[in-house]
Amino acid sequence: MSAVADVIRTRVDAGTGALVGYLPVGFPTFDESVDAAVAIAQSGVDIIELGLPYSDPVMDGPVIQAATQQALARGFRLSHGFEAVRRITDQVSAPVLLMTYWNPVLSYGVERFADDLVDAGGAGLITPDLIRDEAEEWLAASERTGLDRVFLAAPSSSDARLVRAVEVSRGFVYAVSTMGITGARSDVDSAARGLVARLRDAGAQSACVGLGISTAQQVREVLDYADGAIVGSALVSALSSGGVDAVASVAAELATGAARRG
C-alpha cells in the first residue's frame, strides 16, 4: 500500500486533487527547515517533498539552487535528511517523500538508504535523474521495504519511455510541465495537459504536475486535469524572505486552489 497514493486518491475522490509542497532540508537552518515543513502541512499541503541538498542540482532553478547551496555551506549531511523526516512525521500525518539525485543514494548504499528512510517514517523517493534502465537496485530495495518510487516524465519522452516510467512508479508519476529547470512562471506550459493525457493512456493511476506552479489559480488549473500540483520555488522564496510564518501563509493561499469545487 502507498500512503502517497492513498492521500492523492482521497483528494481526487473528494472532487479536487493533492497539493504537494517542496522544501529543502537545512534551509535556512536545519531546525527552520523542519518547522517550515510542519507548517506547510498544517496549512494545507497534502504531501511534503523534502529535497536533499546536492552539489550538482541539474534540475533545480536559481531559487532552489541558492537555498541548497546555503544548506551545504552550513554543513548539511545525508543523515540530516533522515532526522528531518523523523521530526516532521512525528508532528504531522502528511506523507514525506525525499527528492534526491541518485549519486548520494549510491554513495550511502541503496539498501542502507532505504532501511534508514523507512526507520525515519519516510514514504519514498523522487529521483529526477534516475531512469528505469538504471534503477534495478532501487526497484529491488523499494519492493523489499514498500517505499514509493516516483519517476519523472517529460513532454519530450517517447510513448515507450512513458510506459516504462508508469510501470515502475509507485505513489504517482511526476509530470514535468515544461522543458527546463524549476522556477515560478507566469503560466504553466500547455504541454503539461498533453503529457498527463499521454500518461493516462500509458496506464498511470496518478500523475502530478510540477515545475512552474506558483499561484493558487495555477494549482486549480492543473488539478482540472492532473491528480496533484507540485509547488517548490514559490515556497522556498517565501521561506527565504519571510521565514516560517511567510511560507505557512503562502501554503495556505496555494491550498485554496486545491479546495473542493462547488
Side-chain angles (χ1 to χ4, degrees), residues 7 18-55 57 59-101 120-123 126 181-186 188 208 210-220 222 228-259:
V7 167
L19 177 60
V20 183
Y22 167 93
L23 289 171
V25 180
F27 176 79
T29 66
F30 177 76
D31 286 343
E32 287 174 296
S33 69
V34 171
D35 291 345
V38 170
I40 64 172
Q42 293 174 337
S43 300
V45 165
D46 300 297
I47 298 163
I48 298 169
E49 178 187 347
L50 205 59
L52 297 182
Y54 183 54
S55 58
M59 179 179 164
D60 298 333
V63 170
I64 294 175
Q65 279 196 35
T68 57
Q69 291 303 310
Q70 182 174 321
L72 289 169
R74 286 182 176 271
F76 170 81
R77 296 292 181 269
L78 207 53
S79 59
H80 296 154
F82 303 120
E83 177 61 20
V85 172
R86 182 174 292 106
R87 287 176 52 179
I88 293 163
T89 54
D90 281 347
Q91 297 178 70
V92 295
S93 61
V96 179
L97 291 165
L98 288 183
M99 195 290 281
T100 179
Y101 295 94
I126 299 172
I181 56 174
T182 62
R185 293 176 174 83
S186 59
V188 178
C208 299
L211 272 67
I213 303 169
S214 60
T215 68
Q217 179 59 36
Q218 289 173 337
V219 169
R220 181 169 294 275
V222 165
I230 304 167
V231 181
S233 293
L235 293 171
V236 178
S237 292
L239 181 58
S240 178
S241 62
V244 173
D245 288 345
V247 78
S249 178
V250 169
E253 170 60 23
L254 290 165
T256 66

Contact summary for [X] and [Y], nearest pair of heavy atoms:
| X | Y | result |
| --- | --- | --- |
| Val250 | Ala234 | CG1-O, 4.3 Å |
| Ala258 | Val219 | N-CG1, 3.9 Å |
| Ile64 | Gly232 | CD1-C, 4.5 Å |
| Ala229 | Ile213 | CB-CD1, 4.0 Å |
| Leu239 | Val244 | CD1-N, 3.9 Å |
| Gly121 | Val85 | C-CG1, 3.9 Å |

Verdict with supporting geometry, Val25 and Glu83, side-chain contact (heavy atoms from CB on, under 4.5 Å): CA-CA 10 Å; Val25 180; Glu83 177 61 20; over 6 Å; no
Check: residues 35-50 side-chain donor-acceptor pairs under 3.5 Å, at least two apart:
residue	atom	partner	partner atom	Å
Ser43	OG	Ala39	O	2.8
Ser43	OG	Ala248	O	3.4
Asp46	OD1	Arg11	NE	3.3
Asp46	OD2	Arg11	NE	3.2
Asp46	OD2	Leu19	N	2.8

Validation row: Pro28, Gln70 side chains within 4.5 angstrom (heavy atoms):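 They are in side-chain contact.
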side-chain contact (heavy atoms from CB on, under 4.5 Å) between Ile126 and Thr100, intermediate numbers included: CA-CA 6 Å; Ile126 299 172; Thr100 179; over 6 Å; no
Side chain to side chain contact (heavy atoms under 4.5 Å, CB included) against Ser79, all qualifying residues, sequence neighbours excluded: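 Ser79: side chain to side chain contact (heavy atoms under 4.5 Å, CB included) contacts with Arg77.
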Summary of salt bridge (charged side-chain N to carboxylate O under 4.0 Å, His left out) pairs that have at least one residue in residues 21-34, sequence neighbours excluded: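 Listed once each, the pairs are Asp31-Arg87.
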For Glu253, salt bridge (charged side-chain N to carboxylate O under 4.0 Å, His left out) partners two or more places apart: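 Per chain and number, Glu253 pairs via salt bridge (charged side-chain N to carboxylate O under 4.0 Å, His left out) with no residue.
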Partners meeting salt bridge (charged side-chain N to carboxylate O under 4.0 Å, His left out) with Asp90 (sequence neighbours left out):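 Scan of Asp90 (salt bridge (charged side-chain N to carboxylate O under 4.0 Å, His left out), adjacent residues dropped) gives none.
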Residues Tyr54, Leu72; criterion side-chain contact (heavy atoms from CB on, under 4.5 Å); working and verdict: CA-CA 8 Å; Tyr54 183 54; Leu72 289 169; 5.8 Å; no
Distance, nearest 0.5 Å, that separates CZ of Phe27 from OG of Ser240: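 It comes to 4.0 Å.
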Atom pair CD (Gln217) and CG (Leu254), whose distance is rounded to the nearest 0.5 Å: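 Result: 12.0 Å between the selected atoms.
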Would a distance-only check, ignoring hydrogens and angles, find a side-chain to backbone donor-acceptor pair under 3.5 Å from [X] to [Y]?
| X | Y | value |
| --- | --- | --- |
| Ser249 | Asp245 | no |
| Thr68 | Pro24 | no |
| Ser33 | Gly26 | yes |
| Gln218 | Ser214 | yes |

Check against side-chain contact (heavy atoms from CB on, under 4.5 Å), Val231 and Tyr22: CA-CA 6 Å; Val231 181; Tyr22 167 93; over 6 Å; no
Residues forming a ring-ring contact (aromatic ring centres under 6.0 Å, His included) with Phe76, sequence neighbours excluded: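 Testing Phe76 for ring-ring contact (aromatic ring centres under 6.0 Å, His included), a comparison that skips the adjacent residues, returns His80.
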